[in-house]
Amino acid sequence: MDKIVIEGGQRLEGEIRVNGAKNAALLIQCAALLGDGKTTLRHVPALSDVRTMSRLLERLGCQVGGDRTLSIDPAGVAKGTLEAPYELVKTMRASVTVMGPLLGRYGRARVSLPGGCAIGARPIDQHLKGLAALGAEIELSHGYVELRAKRLHGGSVVFDTVTVGGTQNVMMAAVLAKGSSQLENVAREPEVQELARFLNKMGARIRGAGTPVIEIEGVDSLTGIDHAVVPDRIEAGTLAVGAAVTRGNVLLRDAPVDDMHAVIAKLQEAGVRCSVEADGLRVEGPDELRPIDATTRPYPGFPTDMQAQLMVLATQARGQSLITETIFENRYMHVPELGRMGADIHVNGNAAVVRGPTPLSGATVMATDLRASASLVLAGLVAEGETEVRRVYHLDRGYEALDKRLRALGARIERFHGAPG
Ligand code: UD1
């Protein structure tokens, strides 16, 4: 297992191009199942989650090639098992979003139930409710969900919870259904909008993505296309916090500024200078950070995927910050690790009170999820002395070579292979 070692205290400075968005890429990979012919995806981040999705597509019978430019040809899927097995779904929950396209195009799917996950229970009841409304017959047995439908029909779905994956799954099922569908109380995340853009380019008829109601007119077929993935708002936000806490000055080239309003607003509240330039977002950390109050909410609210990183910023702000997590029930696993580095954080239910500024001191730390790991790397950038981040595979799921990228901005950071787990 790899580890990352950081010698804190360096300012981040320079320019960096933001990578393609993980969460957009994963869903577009699934959507490629719907096309007649090959889809070519550009600007795909080289991440283990993307590779896991490619492996799943191969298991389903797709021909997949390349990495940054990925080609996906679903011609062989019709003859395949149409099954997403436990080994793949357990490593990556987003695997369940093959359900919609498999069912919509091939009339059946067998997908392992994802089960519990480190950041909460994460059920898929809303995915199933939506697919049932389009005519799917659903059976749960032996830890798998089996879905069947000769051809899905249009339907009306009102989601009980705002769910990104649920919205995307049902949207991918509805594009080939007979008739029109209306999905209400949907997620408005940029990744939902990006998926809709992709599907419409393939020939789908989707309106309203980015609003609470999506309308879909079913079509008979879709074609494979060439598409470049949007830049990653969470990678950009993570690097922005890195610049902020190190009192650095970084230009995030291609940062998707329009998708980052809530994050930019919180950084500005903390006194961080964020300026939109012709080719991206410039982030300059102030000498003294101000405390912030932030509550995670579905988009356009503050993203849960930036909560752990923002908490590191709060440890460096003068005064008391309040961070509230409303999306996932168990997403404070970084808190005890930050505490071991000297942070003053008290969690009460879903609220975390952070008192700062506290000098952080380097320690050996590890996290059990992706964004928590990123927060520990950020903490290492400002900590005094050496921080060793273990279980780097969590980080590699969602950040391409974060160590190299931070090093290019001036951080003292190294990756070592074969560390203890
Ligand atoms: C996606 C993102 C993830 C992000 C999350 C919230 C991808 C691949 N992952 O995950 O990075 O943290 O959105 O922005 O895009 N829920 C139900 N029933 C369901 C589905 C969800 O109760 O059927 C609940 C979940 O338990 C959670 C909340 O809804 O509390 C939001 O989850 P959801 O939006 O579905 O997250 P994901 O799509 O899994």
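In listed order, ligands and their atoms are each counted from 1.
Atoms of ligand 1 lying under 4.0 Å from at least one heavy atom of R93, given by number and element, are 39 (O). Ligand 1 places these atoms under 4.0 Å from at least one heavy atom of I124: 19 (C), 23 (O). Annotation for ligand 1: atoms under 4.0 Å from non-hydrogen atoms of T304 are 6 (C), 12 (O), 14 (O). Each of the atoms 35 (O), 38 (O) of ligand 1 lies under 4.0 Å from some heavy atom of G165. Per-residue contacts place I327 under 4.0 angstrom from the following atoms of ligand 1 (heavy atoms of the residue considered): 27 (C), 30 (O), 31 (C).
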Does T163 form a side-chain hydrogen bond (donor to acceptor under 3.5 Å, both in side chains) with Q126? I'd like the steps, not just the answer.
CA-CA 8 Å; T163 153; Q126 296 302 306; over 6 Å; no
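Side-chain atoms of Q182 and E184 include a donor-acceptor pair closer than 3.5 Å. Using a 3.5 Å distance cut-off with no hydrogens or angles, the side chains of E235 and N19 do pair a donor with an acceptor. No hydrogens or angles considered: nothing links the side chains of S181 and E215 as a donor-acceptor pair under 3.5 Å. H394 and D369 share no side-chain donor-acceptor pair at under 3.5 Å. Side-chain contact of T238 with Q309: a donor-acceptor pair under 3.5 Å is present, judged by distance alone.
Contacts with ligand 1 closer than 4.0 Å are made by no heavy atom of L128, backbone or side chain. Contacts with ligand 1 closer than 4.0 Å are made by heavy atoms of both the backbone and the side chain of T163. By the criterion of a heavy-atom distance under 4.0 Å, both the backbone and the side chain of D125 are placed next to ligand 1. Counting heavy atoms closer than 4.0 Å to ligand 1, residue R331 contributes side-chain atoms (C-beta onward) but none from N, CA, C or O. When non-hydrogen atoms are compared, ligand 1 lies under 4.0 Å from neither the backbone nor the side chain of Q168.
Of the polar atoms of A94, none of the N or O atoms is found under 3.5 Å from an N or O of ligand 1, judged by distance alone. For the pair E329 and ligand 1, the shortest N or O to N or O distance does not fall below 3.5 Å.
For the pair A187 and ligand 1, no heavy-atom separation below 4.0 Å is found. A heavy-atom separation below 4.0 Å is not found between E191 and ligand 1.
In this structure, R188 forms no cation-pi arrangement with Y299, as its terminal cationic atom is not both closer than 6.0 Å to the ring centre and no more than 45° off the ring axis.
Crowding of D160 atom CG: a count of heavy atoms from other residues, nucleotides or ligands under 6.0 Å exceeding 12.
Of the listed options D305, V164, L195, V164 places a heavy atom closest to atom 34 (O) of ligand 1.
D254 places no side-chain N or O within donor-acceptor distance of the main-chain N or O of G280, the cut-off being under 3.5 Å. The backbone N or O of S112 sits nowhere less than 3.5 Å from a side-chain atom of K90 that would complete a donor-acceptor pair.
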